[in-house]
Amino acid sequence: MALIDHMKKELGALKPSDILAFNHDISQIPDIIKLTLGEPDFNTPDHVKLAAIGAIQQNDSHYTASAGLPGLRQAASDFLYNKYHTRYDPATQLQITAGVTEGVFATLTSILNPGDSVIIPTPIFPLYIPITMLNGGEPVFVNTAEDGFILHPEKLAAAIDAHADSVKAIVLNFPTNPTGVTYSREDLEKIADVVRGKDIFVISDEIYSELTYSGQHVSMGEILPEQTIVLNGVSKSHAMTGWRIGLIAGPADVMAQIGKVHQFMITSATTNAQVAAEEAFKNGQNDAEPMRQAYIERRDYLVPALEKMGFSVAKPDGAFYVFAKLPKQFGTSSWDFARALAHEAKVAVIPGATFGPGGEGYVRISYATSLDLIKEAVKRMAAFVAAHQ
């Protein structure tokens with residue numbers, strides 16, 4: 001009863017997503033250019049769509065195994081091995097979910113007890129915070145803004161020491177939303193050295209792995225497989241956000257518990273979407289490459305344009321976001337800036353404050369839209385900044 005009462009209290013205190021609410025509000029402004037959501041402007045590859053159409057035509061419309069279609073789990077396991085050198089038994093170590101959002105919820109619900117702590121390096125996509133709280137956990141924030149938006153091992157160790165035996169997990173998200181910064185093998189090995197052998201999980205959200213710009217993405221599942229729960233999927237790699245297919249991979253004993261929670265939540269992911277995802281993993285292993293090249297081109301236009309206006313930018317090395325520090329004349333209120341920019345210049349960005357400690361004074365700008373629209377947005381922003389000198 002105590003947990004139920006706690007959940008009711010937390011639900012009553014929670015507000016809808018700031019990002020979705022702000023995006024909805026500014027969508028009412030005529031001629032607005034939205035650089036807000038993490039929504040690829042590419043279409044799902046044709047061979048993936050045809051696989052789903054085939055499944056529908058063959059009346060493949062019944063429940064699958066709760067863990068997902070065996071063929072999809074095998075294809076996902078092969079994809080992760082071929083790309084990131086991780087080894088997961090598709091029968092016992094891999095779960096198909098309704099997007100990474102469900103994956104985060106199922107994972108945290110499975111591992112957390114009331115009073116547990118979750119270390120969350122910020123700025124970060126805020127989803128992990130309310131889900132931790134709903135499960136009776138305490139978010140422990142580590143501000144990375146002064147460290148190049150990377151979780152340094154010394155600060156991680158200090159956070160673990162400060163919370164003694166209550167730390168159950170740390171969250172990593174890379175390439176990172178909202179900054180586009182990613183972790184090198186050396187960075188991950190240093191983090192692994194801090195937590196190795198401790199009763200602490202690493203929840204590694206790697207949904208943007210295929211949109212790494214320089215070098216090869218390194219998975220925490222390769223570095224510390226015995227303690228890591230990897231989240232991934234096809235939303236960003238194959239422009240399939242609306243298909244809602246994600247995956248969780250990790251140690252078999254943990255995955256057995258996560259599978260129970262997933263089963264009680266949704267039974268199984270949509271069947272034809274699973275068929276499409278199997279095709280994506282099996283025959284579309286490099287489908288992200290054209291998108292990646294386009295994002296690099298957009299980044300290379302946007303970053304110097306913002307710096308010319310007076311923004312400070314940590315150059316993204318993945319995903320499709322710029323996290324830009326406001327020019328001095330605008331102060332530090334990211335909400336005031338974003339509202340003014342939307343109404344006066346008709347350009348929408350996301351206030352940095354919504355991404356947790358270290359985010360205030362910044363805005364997140366998504367370049368998952370055409371270069372022509374980005375150029376027009378830059379033109380409007382430049383005029384807005386000049387008018388507020």
Side-chain angles (χ1 to χ4, degrees), residues 80-81 83-87 100 104 107 117-125 127-128 139-163 167-198 200-232 236-237 249-250 292 295-296 299 303 312-323 325 355-359 362 364:
L80 294 174
Y81 174 74
K83 290 285 187 172
Y84 313 126
H85 314 296
T86 55
R87 295 180 181 273
V100 170
V104 173
T107 298
S117 299
V118 178
I119 296 175
I120 303 176
T122 58
I124 198 168
F125 187 61
L127 179 72
Y128 318 100
V140 175
F141 301 121
V142 179
N143 186 344
T144 66
E146 300 302 320
D147 302 310
F149 300 111
I150 291 290
L151 177 62
H152 281 198
E154 298 82 5
K155 290 190 176 180
L156 172 60
I160 292 173
D161 290 343
H163 292 269
V167 178
K168 181 62 68 72
I170 69 169
V171 171
L172 295 179
N173 160 234
F174 64 100
T176 301
N177 177 2
T179 68
V181 172
T182 197
Y183 285 75
S184 67
R185 180 177 294 275
E186 182 181 7
D187 294 327
L188 295 176
E189 287 176 344
K190 289 179 179 178
I191 291 172
D193 287 343
V194 174
V195 300
R196 184 175 283 111
K198 294 181 171 67
I200 297 175
F201 293 107
V202 179
I203 301 172
S204 191
D205 182 350
E206 303 178 22
I207 189 62
Y208 294 98
S209 59
E210 283 297 281
L211 301 179
T212 299
Y213 297 158
S214 60
Q216 177 65 38
H217 173 84
V218 179
S219 175
M220 195 63 169
E222 179 194 354
I223 305 294
L224 192 67
E226 65 275 15
Q227 290 174 241
T228 299
I229 301 168
V230 172
L231 304 171
N232 212 316
K236 315 300 182 180
S237 58
R292 192 179 73 88
Y295 293 140
I296 291 173
R299 176 203 64 178
V303 168
S312 299
V313 177
K315 189 175 182 180
D317 199 33
F320 36 64
Y321 307 109
V322 167
F323 206 56
K325 189 173 185 178
F355 300 101
Y362 290 80
R364 189 193 75 176

Do side-chain atoms of Thr107 reach the backbone of Val104 as a donor and acceptor pair under 3.5 angstrom?
no
Quick check for you: to the nearest 0.5 Å, what is the distance between Asp147 atom CG and Ile150 atom CD1?
9.5 Å
Gap separating the CG atom of Leu231 from the OG atom of Ser204, nearest 0.5 angstrom
7.5 Å
Check Gln227 against Lys198 and note the closest heavy-atom contact, atom names and distance.
NE2-O, 3.2 Å
Value rounded to 0.5 Å, distance of OG1 in Thr144 from CG in Leu156
12.5 Å
Counting heavy atoms not belonging to Arg196, are there more than 12 under 6.0 Å from its CZ?
yes
Any donor-acceptor N/O pair, Glu146 side chain to Gly358 backbone, under 3.5 Å:
no
Would you say Asp317 and Thr182 are linked by a side-chain donor-acceptor pair, where the criterion is simply a distance under 3.5 Å?
no
Are Pro153 and Asp193 close enough that some pair of their side-chain heavy atoms sits under 4.5 Å apart?
no
Taking only residues two or more places apart in sequence, or in another chain, which ones meet Tyr128 in a ring pair (Phe, Tyr, Trp, His ring centres under 6.0 Å)?
none
Rounded to the nearest 0.5 Å, the CG atom of Leu188 sits from the OH atom of Tyr183 at a distance of 8.0 Å
Which residues pass the salt bridge (Lys or Arg N to Asp or Glu O under 4.0 Å) test with Lys190, sequence neighbours left out?
Glu186
Closest approach of Ala314 and Val181, non-hydrogen atoms and distance?
CB-CG2, 4.3 Å
At what distance, to the nearest 0.5 angstrom, does CD of Glu206 lie from OG1 of Thr86?
8.0 Å
Worked verdict on Arg185 versus Ile223 for side chain to side chain contact (heavy atoms under 4.5 Å, CB included):
CA-CA 8 Å; Arg185 180 177 294 275; Ile223 305 294; 3.5 Å; yes
Identified side chain to side chain contact (heavy atoms under 4.5 Å, CB included) counterpart of Asn173 within the set Ile124, Ile120, Val100
Ile124
At what distance, to the nearest 0.5 angstrom, does CD1 of Ile119 lie from CD1 of Ile203?
11.5 Å
Does the side chain of Ile191 reach to within under 4.5 Å of the side chain of Leu224, using non-hydrogen atoms?
no
Measure across Pro225 and Glu222 and return the closest heavy-atom pair with its distance rounded to 0.1 Å.
CD-O, 3.6 Å
Taking all non-hydrogen atoms of both residues into account, name the closest pair between Val167 and Ala159 and its distance.
CG2-O, 4.5 Å
Looking at Tyr362 and Thr179, would you say the former's side chain and the latter's main chain have a donor-acceptor pair under 3.5 Å?
no
Any non-hydrogen side-chain atom of Thr212 less than 4.5 Å from a side-chain atom of Phe174?
no
Over all atoms of both residues, closest heavy-atom pair of Pro175 and Leu211
CG-O, 4.4 Å
State, yes or no, whether a side-chain contact exists between Thr176 and Tyr321 at a heavy-atom distance under 4.5 Å.
no
Closest non-hydrogen contact found for Tyr213 with Pro316 is CD1-O, 3.7 Å
Hey, does Ser209 have a side-chain heavy atom less than 4.5 Å from the side chain of Asn232?
yes
Taking the ring of His217 and the ring of Tyr208, is the distance between their centroids below 6.0 Å?
no
Residue pair Phe320 / Arg299, side-chain heavy-atom distance below 4.5 Å:
no
